[in-house]
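Structure first, then comments.
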Amino acid sequence: MLEIITEMAGVQKEAAHLIILLEELTNYASGTTVNVGTVRGGGKLNVVPDSATLGVNVRVKTLKEQKRMDQLIRHLQPRTEGVTLKVKGKMNRPPMVRSKRTGKLFKVAKHIAKDLNFELEEASVGGGSDGNFTANLGVPTLDGLGAVGEGIHAKNEHILASEIPERTTLLCKLIITL
């Protein structure tokens with residue numbers, strides 16, 4: 001997560017410009033998403049705020065794109081006169097790049113799932129997990145073998161209890177096979 005901090009009078013206007021600019025950096029075709037997930041600033045309604053902070057989450061598919069986005073965000077310039085910008089933090093995970101070895105591991109998992117009478121579909125969702133670190137080290141990595149559900153990270157997030165035995169069996173057989 002990155003934090004972008006605006007300081008001085010006029011921060012509300014600058015924060016509004018930044019939110020739009022950052023969100024427009026999303027490019028689904030290239031797998032790059034930018035989400036301004038938190039906005040903090042001000043205090044009382046009758047006081048002009050002197051700072052605002054934007055919490056920004058960036059997800060990318062390649063290290064090259066990660067470096068490009070990092071540089072782009074770090075070099076943002078304010079549009080509002082008198083406002084300064086500070087960028088804190090960094091993208092805290094490398095992208096999870098699919099390797100040939102990961103492809104082979106997925107084929108093993110897919111075969112096991114078929115033996116268990118269900119389909120296992122491969123997907124790339126641009127998420128951030130600890131698997132991003134192992135994949136970046138060249139270790140074949142599958143993510144998302146756990147619980148099945150909906151609403152990830154949302155108020156309606158839930159798992160389907162009926163799917164737990166099937167997924168647990170898949171994971172156990174995959175471990176035994178390896």
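Heads up: numbering here begins at 1 and tracks the sequence.
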Separation between [atom1] of [X] and [atom2] of [Y], rounded to the nearest 0.5 Å:
{"X": "Ser51", "Y": "Gln12", "atom1": "OG", "atom2": "CD", "result": "10.5 Å"}
{"X": "Leu18", "Y": "Lys13", "atom1": "CG", "atom2": "NZ", "result": "12.5 Å"}
{"X": "Ile73", "Y": "Arg68", "atom1": "CD1", "atom2": "CZ", "result": "9.5 Å"}
{"X": "His111", "Y": "Leu174", "atom1": "NE2", "atom2": "CG", "result": "12.0 Å"}
{"X": "Thr177", "Y": "Leu105", "atom1": "OG1", "atom2": "CG", "result": "10.0 Å"}
{"X": "Leu21", "Y": "Leu72", "atom1": "CG", "atom2": "CG", "result": "7.5 Å"}

Review point. When you measure from the side chain of Arg40 to the backbone N and O of Thr53, does any donor-acceptor pair fall under 3.5 Å?
Key: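 No; judged by distance alone, with no hydrogens or angles, the pair does not exist.
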In one Ile/Leu/Val/Met/Phe/Trp/Tyr side-chain cluster, 4.5 Å: [X], [Y]:
{"X": "Leu142", "Y": "Phe133", "result": "no"}
{"X": "Leu116", "Y": "Leu145", "result": "yes"}
{"X": "Phe106", "Y": "Val139", "result": "no"}
{"X": "Leu170", "Y": "Leu160", "result": "no"}
{"X": "Leu76", "Y": "Val39", "result": "yes"}

Nearest non-hydrogen partners of [X] and [Y], listed with the distance:
{"X": "Pro94", "Y": "Leu63", "value": "CB-CD2, 4.1 Å"}
{"X": "Asp70", "Y": "Met91", "value": "N-CE, 3.4 Å"}
{"X": "Ala135", "Y": "Val97", "value": "CB-O, 4.2 Å"}
{"X": "Pro95", "Y": "Thr62", "value": "CG-C, 3.4 Å"}
{"X": "Glu23", "Y": "Val34", "value": "OE1-O, 3.4 Å"}
{"X": "Pro78", "Y": "Leu85", "value": "N-CD1, 3.6 Å"}

**Study point:** Audit row: Asp130, Arg93, side chain to side chain contact (heavy atoms under 4.5 Å, CB included) steps and yes/no
**Key:** CA-CA 8 Å; Asp130 291 341; Arg93 288 181 159 62; 3.1 Å; yes
Decide yes or no for [X] and [Y]: does some side-chain heavy atom of the first lie under 4.5 Å from some side-chain heavy atom of the second?
{"X": "Arg167", "Y": "Leu120", "result": "yes"}
{"X": "Asn35", "Y": "Val58", "result": "no"}
{"X": "Asn156", "Y": "Glu150", "result": "no"}

Review point. Counting only heavy atoms not in Lys110, do more than 12 sit closer than 6.0 Å to its NZ atom?
Key: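 More than 12 heavy atoms, drawn from other residues, nucleotides or ligands, come within 6.0 Å of this atom.
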Review point. For His158, does the NE2 atom sit with more than 12 other heavy atoms under 6.0 Å from it, leaving out its own atoms?
Key: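 Counting neighbours around NE2 of His158, more than 12 heavy atoms of other residues, nucleotides or ligands fall under 6.0 Å, so yes.
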Review point. Can Leu54 and Thr38 be said to form a side chain to side chain contact (heavy atoms under 4.5 Å, CB included), step by step?
Key: CA-CA 6 Å; Leu54 308 177; Thr38 59; over 6 Å; no
**Study point:** Any donor-acceptor N or O pair under 3.5 Å, side chains Asn27, Thr32
**Key:**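 Not at all, the side chains of Asn27 and Thr32 share no donor-acceptor pair under 3.5 Å.
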Exercise for review: May I ask you to check whether Thr141 and Thr102 show a side-chain donor-acceptor distance below 3.5 Å?
Suggested key: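 No - no donor-acceptor pair under 3.5 Å links their side chains.
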Check your understanding: Any salt bridge between Asp115 and Lys173, counting N to O under 4.0 Å?
Key ->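 Salt bridge between Asp115 and Lys173, a charged N being under 4.0 Å from a carboxylate O: no.
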Practice item. Apply the test side chain to side chain contact (heavy atoms under 4.5 Å, CB included) to residues Ser129 and Met96: give CA-CA distance (whole Å), side-chain angles for both, the deciding distance (0.1 Å), then the verdict. Key: CA-CA 9 Å; Ser129 77; Met96 184 182 283; 3.7 Å; yes
Exercise for review: Check each of Glu65, Gln66, Gln71 against Met69 using the side chain to side chain contact (heavy atoms under 4.5 Å, CB included) test, and report the only one that passes.
Suggested key: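 Option passing the side chain to side chain contact (heavy atoms under 4.5 Å, CB included) with Met69: Glu65.
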**Study point:** From Leu22, Val83, Thr80, residue fulfilling side chain to side chain contact (heavy atoms under 4.5 Å, CB included) relative to His17
**Key:**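 One option only clears the test, and that one is Thr80.
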Review point. Checking side chain to side chain contact (heavy atoms under 4.5 Å, CB included) for the pair Val56/Val87: CA distance, chi angles, key distance, verdict?
Key: CA-CA 10 Å; Val56 183; Val87 177; over 6 Å; no
